[in-house]
Amino acid sequence: MADALPPRLIAHLDMDAFYASVELLRRPELRGLPVVVGGRRASPAAGDDWPRLRDYTGRGVVTTSTYEARALGVHSGMGLMRSAALAPQAILLPADFDEYRRLSRLFKAAVAELAPAIEDRGIDEIYIDLSDVPGAREAVGHDPLGGARALAQELKNNVRRATGLSCSVGLAPNKLLAKICSDLDKPDGLTVVMAEDVASRIWPLPVRRIHGVGPKASARLESLGVHTIGELARQSPAWLSDHFGAHHGEWLLAAAHGQDDRPVVTESEPVSMSRETTFERDLHPRTDRALLGRIFTDLCERVGDDLRRKGYVGRTIGIKLRFDDFRTVTRDHTVALPTADGQLIRAAAGQCLKRINLSRRLRLLGVRVGNLSHAVGIDTPPTATARAPMPEPAPIRRPTAAAQRKAAPAPVEAGAQGQSLSLFPEWDDPAPPAPD
DNA sequence: TCTGGGGTCCTAGGACCC
DNA sequence: TCTGGGGTCCTAGGACCC
């Protein structure tokens, strides 16, 4: 018999327009203006004026924009060129991640002083379990949630004191509802939603506001006539299961009813680390081969550096390519011994590359290492010594016929064959001879 | 004038082992 | 010469999130 769990008190805290707000901290004269953070470098400024969106050329998207820029239609993820058409006069600043990480640590520490059970959800947001914080569950005056509300306000005050920045907080019995309601009164909001408020406060919202319902699922629901969370809540389990599968359907229905048992997870281990880059112009595997080889090697070394700096090694090395038509393919390969060595990563990644048909120009190249474990000692992966008596070689798996078809589609024309992978098995990037 | 970079989780099929 | 089921690992792709 599943006893009802004791009701919880969960907060979701989200920094308001975080990157843009950090930029305004050091450039207060820009307050009130449309400001966009994004792009690779500072765009050229005319005279001593600030760099403007209209002067930017090249690839890139908006990372964050101030509320003034959002009012002009400029939102995160939008291409900078398209944004420039909407807000040519907006000021464009390059991202300074070191500074954002510094402020991120500050705001999280400020919260931890009052409530230590924090789940990290990235640079600018966290969940906080307030269930066991003294006073949080006390009624204050006629407000049964007064203690929680006061605590949430204290969290906001602490964050502002530590960083000079505002945030929005949602307070609810679970993470799902807390996340939705932190967004209901941005910026600088404090919103409480309890189970009995779900019908009045949550059901009128579009399904897209459920964390986990993205563009695809919401479009699918729309096409089936389900627009709001309330309409989703009215569907039968069988109907949802038919359209979304048993598992996903069940989850959608529970979410629509504001139900969510997930705990606040205060500690976690990384699963993978990766580096990728989108080129300024699409590169051709043959004519830009040398350049691609250097970029490829550099990505491998940077992933290796990241792993070593953080004390991890990984067994599964993978690559990611995006072609000029935006099609993305990945290949990966699991090796016997985990590594954080750039050269070993490069070798495995090179093997992966041989399995891809390189007949189109590329816009992106990425390298990933997964299957992580903690590095033990220096360059001593745990399995190298712990495995007795000898490290087991990786089983040789012959690719299936289907996999082979996918990896190397039979060239249908002579021309296609000329472009196939056999001509350039990988972008050899021999290390230059040592200078001494 | 399209569409960044760093992640997580899920699914599904095949290999392989018992 | 054919037929099992279950469990785990590996790989590829896709949805989604910040």
Side-chain angles (χ1 to χ4, degrees), chain A residues 12 14-15 17-19 37-40 53-54 56-64 75-86 88 94-95 97 100-101 104 120-127 175 179 183 208 210-220 244-248 251 262 265 268-282 299 302-303 306 315-336 352 355-356 363-372 392 394-407:
Chain A
H12 180 257
D14 196 315
M15 299 300 288
F18 186 51
Y19 300 172
V37 176
R40 285 173 197 260
L53 202 42
R54 63 167 176 259
Y56 186 80
T57 51
R59 291 180 162 158
V61 297
V62 172
T63 307
T64 329
H75 295 280
S76 303
M78 181 180 283
L80 285 175
M81 290 306 181
R82 192 149 88 87
S83 315
L86 294 170
F97 287 99
Y100 309 151
R101 274 189 287 266
S104 180
D120 225 302
R121 293 304 304 188
I123 200 161
D124 69 341
E125 62 179 82
I126 51 177
Y127 290 103
K175 295 205 290 188
K179 169 81 181 172
D183 207 42
R208 185 70 173 79
I210 296 171
H211 187 75
V213 174
K216 300 286 180 181
S218 61
R220 187 88 198 286
F244 294 91
H247 189 76
H248 197 208
W251 175 79
R262 291 170 304 159
V265 177
S268 63
E269 287 287 339
V271 172
S272 67
M273 293 187 195
S274 66
R275 287 282 180 163
E276 65 182 54
T277 185
T278 296
F279 315 128
E280 279 299 336
R281 61 175 178 90
D282 295 340
L299 289 168
R302 283 160 65 196
V303 179
D306 293 341
R315 282 182 63 218
T316 303
I317 285 87
I319 61 171
K320 169 167 145 184
L321 277 68
R322 178 124 72 207
F323 297 104
D324 54 4
D325 61 358
F326 219 70
R327 195 169 47 94
T328 304
V329 299
T330 62
R331 292 292 180 272
D332 58 42
H333 178 62
T334 299
V335 296
C352 293
R355 295 189 265 140
I356 298 183
R363 65 175 288 138
L364 173 148
L365 182 59
V367 175
R368 193 184 89 102
V369 176
N371 236 321
L372 301 186
E392 203 138 345
I396 294 163
R397 291 170 185 281
R398 308 195 45 235
T400 62
Q404 285 179 326
R405 272 195 302 279
K406 271 197 283 186

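Within every chain, numbering begins at 1; the chains are lettered A, B, ... in the order of the sequence lines, protein sequences first and strands thereafter.
Judged as a side-chain contact (heavy atoms from CB on, under 4.5 Å), and not counting sequence neighbours, the contacts of A:Pro88 are A:Arg54. Residues satisfying the salt bridge (Lys or Arg N to Asp or Glu O under 4.0 Å) test with A:Arg275, not counting sequence neighbours, are A:Asp306. Scanning for salt bridge (Lys or Arg N to Asp or Glu O under 4.0 Å) contacts around A:Arg322 gives an empty result, with sequence neighbours left out. The ring pair (Phe, Tyr, Trp, His ring centres under 6.0 Å) test applied to A:His75 returns no partner, not counting sequence neighbours. The side-chain contact (heavy atoms from CB on, under 4.5 Å) check on A:Ala95 picks up A:Val37, A:Phe97, A:Tyr100, with sequence neighbours excluded. Scored by the salt bridge (Lys or Arg N to Asp or Glu O under 4.0 Å) test, A:Arg220 finds no partners at all (sequence neighbours excluded). A:Ser272 is linked by a side-chain contact (heavy atoms from CB on, under 4.5 Å) to A:Arg368, counting only residues two or more places apart in sequence or in another chain.
If you check every strand for non-hydrogen atoms under 4.0 Å, A:Lys320 touches nothing. Within 4.0 Å (heavy atoms only), A:Thr277 reaches sugar-phosphate atoms of the nucleic acid but no base atom. Looking at heavy-atom distances under 4.0 Å, A:Ala217 makes contact with sugar-phosphate atoms alone, never a base. A:Leu80 comes within contact range of no nucleotide atom at all, as no heavy-atom separation falls under 4.0 Å. At a threshold of 4.0 angstrom between heavy atoms, the contacts of A:Val62 with the nucleic acid are absent. Within 4.0 Å of A:Arg275, counting heavy atoms only, lie sugar-phosphate atoms of the nucleic acid but no base atom.
The separation between A:Ile126 atom CD1 and C:dC18 atom P is 14 Å, rounded to whole Å. Whole-Å rounding puts the A:Met78 CE to B:dC2 C1' distance at 11 Å. The CZ-P distance, from A:Arg121 to C:dC16, rounds to 15 Å in whole Å. One atom, CZ of A:Arg327, and another, P of B:dT3, lie 18 Å apart when rounded to the nearest Å. Rounded to an integer number of Å, the gap from CG of A:Leu299 to C1' of B:dG5 is 11 Å. Per the geometry, CZ belonging to A:Phe97 stands 10 Å off P belonging to B:dG5, to the nearest Å. For the pair A:Tyr19 OH and B:dG4 P, the interatomic distance rounds to 16 Å; values are reported in whole Å. Rounded to whole angstrom, the span from the CZ atom of A:Phe323 across to the P atom of B:dC2 amounts to 20 Å.
Mapped onto DNA chain B by nearest heavy atom, A:Met81 and A:Ser274 fall at different nucleotides, with A:Met81 at the one closer to the 5' end. Heavy-atom distances to DNA chain B give each of A:Arg82 and A:Thr63 a nearest nucleotide, and the one nearer the 5′ end belongs to A:Arg82.
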Can you give the dot-bracket line for DNA chain C, using ( ) for pairs inside the strand, [ ] for pairs that cross earlier ones, | for pairs with another strand and . for unpaired bases, where Watson-Crick and G-U count if both distances are under 3.5 Å? ....||||||||||||||

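Side chain of A:Phe326, nearest nucleotide from B:dG4, B:dG5, C:dC16: B:dG4. In the set C:dC16, C:dG13, B:dG4, the nucleotide with an atom closest to the side chain of A:Arg322 is B:dG4.
Of the possible donor and acceptor atoms, one in the side chain of A:Arg59 sits under 3.5 Å from a partner among the backbone N and O of A:Phe279.
Contact annotation: the side chain of A:Thr278 approaches that of A:Arg40 to within less than 4.5 Å [non-hydrogen atoms, C-beta and beyond].
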Look for any protein N or O under 3.5 Å of an N or O in nucleotides 8-11 of chain B and output each such pair with its distance, or none.
| from | atom 1 | to | atom 2 | distance (Å) |
| --- | --- | --- | --- | --- |
| B:dT8 | OP1 | A:Val271 | N | 2.7 |
| B:dT8 | OP2 | A:Ser272 | N | 3.2 |
| B:dT8 | OP2 | A:Ser272 | OG | 2.8 |

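Within the model, atoms CG of A:Leu364 and CG of A:Asp282 stand 10.5 Å from one another, a figure rounded to the nearest 0.5 Å.
B:dC2 sits 28 Å from C:dC18 when the P atoms are compared, rounded to a whole Å.
Dashed line: the shortest gap from a side-chain N or O of A:Arg331 to OP1 or OP2 of C:dA12 is under 4.0 Å. Between A:Arg40 and the phosphate of B:dG4, there is no side-chain N or O to OP1/OP2 separation shorter than 4.0 Å.
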